[in-house]
Protein chains: 2
Amino acid sequence: MRNVEPIRWTDEGVVLLDQRRLPGEVIYLTYTDYRELAAAIKDMVIRGAPAIGVAAAMGIALGVSHSRAKTLPELRAEFKNICDTFARTRPTAVDLFWAIDRFTRKFESLAQNAAQNNFDAIKDSLVEEAQQVHRERRDADEAIGRFGAELMPASGRVMTQCNAGALATGGIGTALGVIRIAVETGHTLEILVPETRPYLQGARLTAWELQQDKIPLTLITDNMVGHFLKTGGVGAIVVGADRIAANGDTANKIGTYAMAVLARENHVPFFVAAPISTLDLSLASGEQIPIEQRAAAEVTHVYGVRVAPEVNVANPAFDVTPAKFIAAIITERGVARAPYEDSLSRLAAGAQTPAAR
Amino acid sequence: MRNVEPIRWTDEGVVLLDQRRLPGEVIYLTYTDYRELAAAIKDMVIRGAPAIGVAAAMGIALGVSHSRAKTLPELRAEFKNICDTFARTRPTAVDLFWAIDRFTRKFESLAQNAAQNNFDAIKDSLVEEAQQVHRERRDADEAIGRFGAELMPASGRVMTQCNAGALATGGIGTALGVIRIAVETGHTLEILVPETRPYLQGARLTAWELQQDKIPLTLITDNMVGHFLKTGGVGAIVVGADRIAANGDTANKIGTYAMAVLARENHVPFFVAAPISTLDLSLASGEQIPIEQRAAAEVTHVYGVRVAPEVNVANPAFDVTPAKFIAAIITERGVARAPYEDSLSRLAAGAQTPAAR
């Protein structure tokens with residue numbers, strides 16, 4: 001259940017699983033230069049906001065550890081340059097800036113006590129901090145998984161969407177973490193995986209990831225979701241989230257809203273699994289969440305092959321699922337249920353809640 | 001509005017638009033040998049049950065017109081051989097057998113009055129009959145289009161599914177016929193076209209077909225249907241049908257059921273446009289409609305490129321939309337509304353009904 005590892009800190013450098021080439025080829029690349037690691041993030045060798053946060057943390061540590069700066073001002077300038085390089089890779093990924101902020105605070109606190117002309121202690125501490133970021137990420141996924149597993153059916157089918165897995169977080173995943181822990185703790189599940197056009201994260205990443213851990217799955221196209229919720233014996237749906245408003249409205253990969261409506265029509269409970277960092281309590285409702293519009297070529301071309309004439313195309317990457325369709329939101333601090341204004345604000349303030357109420 | 005012609009009888013032979021190569025290439029092929037035309041049906045040069053029926057009718061006429069039979073028993077044996085060849089091409093297409101039955105009755109009625117050793121009258125009559133089949137098909141589409149156009153919004157977006165167009169019928173199409181007549185009669189519409197995985201009939205065929213007639217469209221992936229019904233200003237949905245049960249439950253391309261549920265949730269009227277021949281009053285409800293399961297490779301490969309690992313795949317080609325989600329069923333004899341047991345049986349018995357009640 002722990003066979004997928006998209007990122008790893010090693011003595012040789014930062015090792016990434018090249019997600020661009022999945023599922024056809026399984027290739028690990030080792031990065032010893034932070035600039036090459038930044039280019040890899042930009043090129044989608046690794047993707048998923050939480051995993052990008054881990055990669056940026058490791059990249060900053062990697063860059064500083066190879067520094068030849070002789071003075072603290074030199075080192076500080078180099079540190080800032082490294083952070084700026086990562087900030088430019090995927091500027092919409094919130095976790096990237098969270099990692100840069102965390103490392104900037106850590107660097108300044110270390111710099112105050114630094115020995116003259118010997119920065120080994122700073123370098124060692126930042127490397128340790130990067131590994132700590134990765135550990136915290138893994139721990140959060142495990143906690144989400146444990147809380148969520150109790151909500152999964154004892155047997156039958158569970159549907160997910162896109163890839164909210166190890167490949168996206170660097171842990172065991174959020175939605176797929178719930179599924180992993182459920183299977184480990186004795187639930188007999190088969191996962192229904194919609195392919196998730198246009199970028200095919202379901203077919204290319206989730207199907208591959210579940211296969212690595214020998215979790216039974218059936219791949220379907222996105223327009224089969226309704227048919228299988230009506231006739232396919234689905235006991236639950238669990239998906240990830242890109243942003244959650246204070247009232248529980250949830251932005252996630254396009255198609256999630258339709259899945260939630262079809263779930264309610266067919267009396268299938270619909271769960272969101274996401275870390276506390278996904279909450280955006282500054283937004284009262286999902287209507288305020290901006291929807292990223294992506295390039296038409298993702299729709300008109302598949303692996304470079306044109307599949308449509310030159311016509312007008314819409315390509316919103318996300319949609320918003322109103323909270324009324326969501327049975328529960330599973331976080332590393334516990335499970336929130338409606339009314340979400342209350343339950344989410346309590347969790348955000350740090351309160352642990354019982355797993356299932 | 002009449003720029004797409006997938007099949008045409010000419011003095012040189014039967015001309016087909018090669019739908020396998022759309023939208024990349026627009027190529028017309030002329031068939032002078034019925035065996036090659038049968039192979040073309042099998043190879044999906046032309047597809048869509050009504051269009052296949054027209055092609056088989058023309059193919060039988062083509063085969064008989066080239067016969068060198070000297071006696072009536074010889075001609076009858078050849079006729080039967082020709083019909084058998086077409087029966088083997090796409091054995092699930094109901095219209096194929098309807099065409100063969102019609103031509104068999106016509107042949108026997110002509111044979112009774114045939115002159116000795118001169119079968120020109122038979123040949124001419126069968127060629128005329130094939131063109132009559134095509135005319136009736138076109139007339140039915142035009143009537144469906146006229147009845148349906150009155151149900152379309154005066155302006156705004158209309159969503160469809162798969163290809164229920166000229167390419168599928170040989171006329172102006174059923175769902176796309178409604179859209180064509182609506183646009184011709186002054187409705188200002190933009191059509192939302194889901195790509196319709198796995199075979200991409202929406203992207204490859206419907207988008208191309210609408211483009212030929214300069215009808216504005218936006219292509220989307222199938223998992224965007226819910227998002228656009230919620231936020232995209234869609235005034236109506238019109239889709240085709242593969243089979244309609246006595247109670248109005250409708251089998252159509254996979255994804256249609258989800259579209260209907262999402263339409264009701266968002267107060268968008270959902271219409272089915274289909275000829276009377278699609279009614280199967282022998283089935284009390286949609287639960288008795290068999291669902292064709294197709295090959296996994298359609299899902300795992302796009303234009304021959306593998307897009308998923310080797311995993312278990314489901315590929316139902318159709319789903320069933322319960323009648324309660326259908327605002328009206330538009331036929332060439334008029335518009336049926338709930339309760340469908342009554343309205344459909346009246347239409348099947350031959351009654352014309354007012355266009356909109």
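Each chain gets a letter, A, B and so on, in the order its sequence line appears, and its residues count up from 1.
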Query - Best-contacting candidate, T300(A), V261(A), N312(A), against chain B by heavy atom pairs under 4.5 angstrom - result: N312(A)
Requested in this report: Report yes if some heavy atom in the side chain of N223(B) is under 4.5 Å from a heavy atom in the side chain of P194(A); otherwise report no.
Outcome: no
Report summary line: Okay, P23(B) and chain A: the region with an atom under 4.5 Å from a heavy atom over there is side chain
Query raised in the report: Does a side-chain heavy-atom distance below 4.5 Å link F270(B) with T321(B)?
Result: yes
Query raised in the report: Contact part of R197(A) toward chain B, heavy-atom cut-off under 4.5 Å: side chain, backbone, both or neither?
Result: both
Requested in this report: May I ask you to list the residues in residues 237-258 of chain B that approach chain A closer than 4.5 angstrom, counting heavy atoms only, ordered by number?
Outcome: I254(B), G255(B), Y257(B), A258(B)
Report summary line: Scored by heavy-atom pairs under 4.5 Å with chain B, the best of E310(A), M224(A), R264(A) is M224(A)
Query raised in the report: N163(A) pairs by side chain to side chain donor-acceptor pair (under 3.5 Å) with which of Q19(A), R204(A), R47(A), Q201(A)?
Result: R47(A)
Query - Which of V193(A), D319(A), L205(A) touches chain B most, by non-hydrogen pairs under 4.5 Å - result: D319(A)
Query raised in the report: What residues, two or more places apart in sequence or in another chain, satisfy salt bridge (charged side-chain N to carboxylate O under 4.0 Å, His left out) together with E190(B)?
Result: R157(B)
Query raised in the report: Just checking heavy atoms, which of residues 228-236 of chain A are less than 4.5 Å from chain B?
Result: F228(A), K230(A)
Requested in this report: Heavy-atom distances under 4.5 Å only: say whether L200(A) touches chain B with side chain, backbone, both or neither.
Outcome: side chain
Report task. Sort V305(B) into side chain, backbone, both or neither according to what part of it lies under 4.5 angstrom from a heavy atom of chain A. Result -> side chain
Report summary line: Ranked by heavy-atom pairs below 4.5 Å to chain B, first place among E195(A), M259(A), R306(A) goes to E195(A)
Requested in this report: Taking atom CD of Q288(A) as the centre, report whether more than 12 heavy atoms of other residues, nucleotides or ligands fall under 6.0 Å from it.
Outcome: yes
Query - Within-4.5 Å side-chain heavy-atom neighbours: D18(A) and Y28(A) - result: no
**Report entry** V225(A) portion near chain B, given a 4.5 angstrom heavy-atom threshold
**Finding:** neither
Query raised in the report: With a 4.5 Å limit on heavy-atom distance, are the side chains of V26(A) and W208(A) in contact?
Result: yes
Report task. Please tell me if the side chains of Y340(A) and K324(A) come closer than 4.5 Å, counting only heavy atoms from C-beta onward. Result -> no
Query - Flag side-chain contact, heavy atom, 4.5 Å: I220(B) against L192(B) - result: yes
**Report entry** Salt bridge R180(A)-E209(A), side-chain N to carboxylate O under 4.0 Å
**Finding:** yes
Query raised in the report: For the candidates L262(A), L22(A), V320(A), which exhibits the highest count of non-hydrogen atom pairs separated by less than 4.5 Å from chain B?
Result: L262(A)
Requested in this report: Keeping to residues at least two apart or across chains, list the salt bridge (charged side-chain N to carboxylate O under 4.0 Å, His left out) pairs with something in residues 289-299 of chain A.
Outcome: E292(A)-R294(A), R294(A)-E298(A)
Query - Under 4.5 Å from a heavy atom of chain A, the part of V307(B) involved - result: both
